[in-house]
Amino acid sequence: MAAKRAMAAGKLLPRRFYAGAPDGVARGLLGKILARRLNREWLTGRIVETEAYFGQDDPAAHAHAGRTARNAVLFGPPRHAYVYFIYGMHWCLNVACEPDGQAGCVLIRALEPLEGLDTMARLRGTANRMLLAAGPGRLCRALAITREGQNGADVASAESELQIWDDGYLAGRVKVTPRIGIRKAADRLHRYLLEA
DNA sequence: AAGCGGATCGTCT
DNA sequence: GACGATCCGCTTG
């Protein structure tokens, strides 16, 4: 099937990978492959931008004020997807990390599309390959990720329709900057980008 | 090339 | 009732 090229060479990222602290997991996810099964097709892309959020200690994090109905996934075991709705319009994808009970997570901000580009372009309503999955909202649109569909999905499960793979790609230079679009704790350097 | 504001609604106070 | 971990199109220079 379509995803064979990217996924056959590698393996699912193991469950233990996600038990670490958010900054380490955010760095570690750079260069890995996000894979979304949509009907019979796999849509895949290399993760090139992430941000770390540190649970209740982090004023910018959704988990800061404590557990609510929306952010419940963050307080559960790691490796589960936290999908939330923002600005009345966009979905954003996170992966919970840290042990059960701690609410750290990593926001997946951008992909370099690898497979299923035609479907992504159709879902995005654009043919601009550079912008297919660059940005958290665009990424979710390109991969048809919503709260109803993917919130709580286990990205380390072979049965899941949302998975993260390691194909052996070696990440190059990593650029570190402040996180985007937040007002609180805007000085902290928790955004990670893979240099082109 | 960069800056501005509108769209649009779930979530929490 | 206010605001947000965004995106896009329109304006200006």
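Nucleotide C:dC7 holds its C1' atom 15 Å from the CG atom of A:Leu132, rounded to whole Å. Straight-line distance from the CG atom of A:Leu189 to the P atom of C:dA5: 19 Å, rounded to whole Å. One atom, NE2 of A:His64, and another, C1' of B:dT13, lie 15 Å apart when rounded to the nearest Å. The interatomic distance linking A:Tyr84 (OH) with B:dG10 (P) rounds to 16 Å, in whole Å. Per the geometry, CE belonging to A:Met89 stands 9 Å off C1' belonging to C:dC8, to the nearest Å. The distance between atom CD1 of A:Ile182 and atom P of C:dC3, rounded to the nearest whole Å, is 18 Å. Counting to the nearest Å, the P atom of C:dA5 and the CG atom of A:Leu139 are 17 Å from each other. The nearest whole Å value for the distance from the CZ atom in A:Arg141 to the C1' atom in B:dT8 is 13 Å.
Applying the 5.5 angstrom centroid cut-off and the 30 degree plane-angle cut-off, the aromatic ring of A:Tyr53 is stacked upon the base of C:dA5.
In this structure, the side chain of A:Asn71 engages the main chain of A:His62 through a donor-acceptor pair within 3.5 Å. In this structure a side-chain-to-backbone donor-acceptor pair under 3.5 Å is present from A:Asp166 to A:Gly168.
Note on A:Gly137: only backbone sugar-phosphate atoms sit closer than 4.0 angstrom, heavy atoms only; bases stay farther off. Within 4.0 Å (heavy atoms only), A:Phe85 reaches sugar-phosphate atoms of the nucleic acid but no base atom.
A centroid separation of 6.0 Å or more is found between the aromatic rings of A:Phe54 and A:His64. With ring centers used as reference points, A:Trp91 lies 6.0 Å or more from A:Tyr84.
Under 4.0 angstrom from either OP1 or OP2 of C:dC8 there lies at least one side-chain N or O belonging to A:Arg138. Distances shown here put every side-chain N or O of A:Arg70 at or beyond 4.0 Å from the OP1 or OP2 atom of C:dG4. Distances shown here put a side-chain N or O of A:Arg109 below 4.0 Å from the OP1 or OP2 atom of C:dT6. Note on A:Arg67: every side-chain N or O is 4.0 Å or more away from OP1 and OP2 of B:dT11.
Residues A:Tyr87 and A:Arg147 both approach DNA chain B. Their nearest nucleotides, taken by heavy-atom distance, put A:Tyr87 toward the 5′ side.
Here B:dC4 sits opposite C:dG9 as a Watson-Crick or G-U wobble pair (both hydrogen-bonding atom distances under 3.5 Å).
Cation-pi check for A:Arg46 over A:Tyr169 is met; the charged atom lies under 6.0 angstrom from the ring centroid and within 45 degrees of its normal.
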